[in-house]
Asker: 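Please read through the structure below; I'll follow up with questions.
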Amino acid sequence: MLEIKNLHARIAEDGTEIIRGLNLTVNKGEVAAIMGPNGSGKSTLSYILAGREDYEVTEGDILYNGESILEMDPAERAAAGIFLAFQYPMEIPGVATMEFLKVAMNAQRKARGEEPLKVPEFLKLVKEAAASLNMDIAMLKRPLNVGFSGGEKKRAEILQMKLLEPKLCVLDETDSGLDIDALKIVSDGVNALRSPDRAIVVITHYQRLLQHIVPDSVHVLYKGQVIKSGDKSLALDLEANGYAGVIGEAA
Ligand code: ADP
Ligand code: MG
């Protein structure tokens, strides 16, 4: 479903190379974890997948269902079923969360050739999804992410993911800022989205989240490259021994 081949990318503004020959394959139905120390390029990779213009791909390719997405703008990528939950979700003053969800869901439906949702239908879906994440519906009347706590922002991201039913989900540090209870709720939300026709990429630098979302594969990102891949036991190994061993092996 996702095939990243020898990807090189730099910051558009100053030309600093951040992603340096990254290879990664994630299959349909798979939950892949990307781990790695701070500053290794994990968030940068998620921005590049989203199509942010601050980064330039200089070499390599990103294939989604066998086709390159490099020429697609962020809206086209979203319409194709790619969803990214960011480490720092953007605050959107003046746009009520509800309104945002309605516009996003209807854009997604339009891309699939479906009619827009009727209001009662929409409300029913949102209420059910919010309840499953222990979110107060009153919060959804507030502007998106404005004044939300760290945990509330993460829940709002998972809520969007549930409602938009993407095919490829990338979650960047979804565990940061969450207490244990919220972590459980968010993980349950992600686990409920596991399905044979969906791939989920979970980015984290702690093993904690992976006790709740058990990955099929684990990849260590360091200095813009995947330096080691393995199964879930690799995450346990990293937790016990830190990144130094794996980094040493690769050097
Ligand atoms: P991670 O998410 O793994 O902690 P990041 O992708 O956030 O790492 O960052 C990787 C490196 O790239 C860091 O050294 C960071 O400072 C740098 N970097 C990323 N984006 C920018 C940018 N827009 N401007 C300057 N430096 C950046
Ligand atoms: Mg990051």
Side-chain angles (χ1 to χ4, degrees), residues 2 4 6-24 26 31-60 62 69-70 73-74 77 82-91 145 148-151 153-158 160-161 168-178 182-183 186-187 190 200-210 213 215 217-230 234-235 237-239 241-251:
L2 175 68
I4 304 178
N6 187 33
L7 189 71
H8 289 256
R10 61 187 186 193
I11 300 168
E13 201 179 17
D14 62 12
T16 312
E17 188 170 58
I18 308 287
I19 303 297
R20 303 180 179 100
L22 187 148
N23 293 292
L24 177 72
V26 184
V31 175
I34 297 184
M35 303 185 73
N38 271 324
S40 47
K42 303 185 298 296
S43 292
T44 303
L45 176 64
S46 73
Y47 295 143
I48 292 167
L49 288 171
R52 259 181 50 173
E53 286 180 357
D54 320 55
Y55 302 93
E56 265 170 23
V57 172
T58 52
E59 211 184 316
I62 304 174
I69 59 166
L70 292 182
D73 68 29
R77 296 182 194 200
I82 301 176
F83 179 90
L84 290 112
F86 293 114
Q87 183 169 7
Y88 304 106
M90 206 194 295
E91 299 189 358
N145 290 325
F148 287 17
S149 71
K153 285 182 182 172
K154 302 290 162 163
R155 284 184 215 212
E157 295 277 290
I158 304 297
Q160 289 166 45
M161 201 165 94
L168 171 65
C169 310
V170 181
L171 300 118
D172 189 8
E173 306 273 358
T174 296
D175 43 348
S176 64
L178 295 183
L183 184 71
V186 164
S187 308
V190 174
I200 303 177
V201 178
V202 178
I203 299 175
T204 182
H205 71 277
Y206 293 117
Q207 203 267 339
R208 191 175 74 151
L209 181 69
L210 306 180
I213 305 170
S217 61
V218 174
H219 311 270
V220 180
L221 187 61
Y222 182 66
K223 292 192 174 170
Q225 284 188 332
V226 173
I227 57 165
K228 185 161 183 158
S229 296
L234 176 56
D237 182 48
L238 292 168
E239 185 73 2
N241 304 311
Y243 290 110
V246 173
I247 291 167
E249 262 171 53

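Keep in mind that this is a model prediction, so the values were computed, not measured. For ligands, and for the atoms within them, numbers begin at 1 and follow the listed sequence.
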Asker: Can you tell me how the ring of Phe86 sits relative to the ring of Tyr47, calling it parallel under 30°, perpendicular over 60° and tilted otherwise?
Answerer: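 Geometry flag for Tyr47 against Phe86: tilted rings.
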Asker: Give a yes or no on whether the backbone of Leu49 and the side-chain of Arg77 come within a donor-acceptor separation of less than 3.5 Å.
Answerer: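 Between the backbone of Leu49 and the side chain of Arg77 there is a qualifying donor-acceptor contact (under 3.5 Å).
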Asker: For Lys42 and Gly36, which heavy atoms make the closest approach, and how far apart are they?
Answerer: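 Distance-wise, the nearest heavy atoms are NZ-O, 2.8 Å.
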Asker: Please check if the side chain of Lys223 supplies one atom and the backbone of Arg20 the other of a donor-acceptor pair under 3.5 Å.
Answerer: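 No; zero donor-acceptor contacts below 3.5 Å.
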Asker: Say whether, by atom type as modelled, one donor and one acceptor occur between the side chain of Lys153 and the main chain of Glu91 under 3.5 angstrom.
Answerer: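 Checked: no pair found.
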Asker: Below 3.5 Å only, please: the N or O atoms of ligand 1 paired with protein N or O atoms, distance on each line.
Answerer:
| unit_1 | atom_1 | unit_2 | atom_2 | d |
| --- | --- | --- | --- | --- |
| ligand 1 | 2 (O) | Ser43 | N | 2.9 |
| ligand 1 | 2 (O) | Ser43 | OG | 3.0 |
| ligand 1 | 3 (O) | Ser40 | N | 3.2 |
| ligand 1 | 3 (O) | Gly41 | N | 3.1 |
| ligand 1 | 3 (O) | Lys42 | N | 2.9 |
| ligand 1 | 3 (O) | Lys42 | NZ | 2.9 |
| ligand 1 | 4 (O) | Gly39 | N | 2.7 |
| ligand 1 | 6 (O) | Ser43 | N | 3.4 |
| ligand 1 | 6 (O) | Thr44 | N | 2.8 |
| ligand 1 | 6 (O) | Thr44 | OG1 | 2.6 |
| ligand 1 | 8 (O) | Gly41 | N | 3.3 |
| ligand 1 | 20 (N) | Tyr55 | OH | 2.9 |

Asker: Check whether any N, O or S atom of Ser46, backbone or side chain, sits closer than 2.8 Å to the Mg ion (ligand 2).
Answerer: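 It does not: Ser46 brings no N, O or S atom closer than 2.8 Å to the Mg ion (ligand 2).
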Asker: Side chain of Asn6, backbone of Gly21: donor and acceptor closer than 3.5 Å?
Answerer: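 Side chain of Asn6 to backbone of Gly21, a donor-acceptor pair under 3.5 Å: no, none is there.
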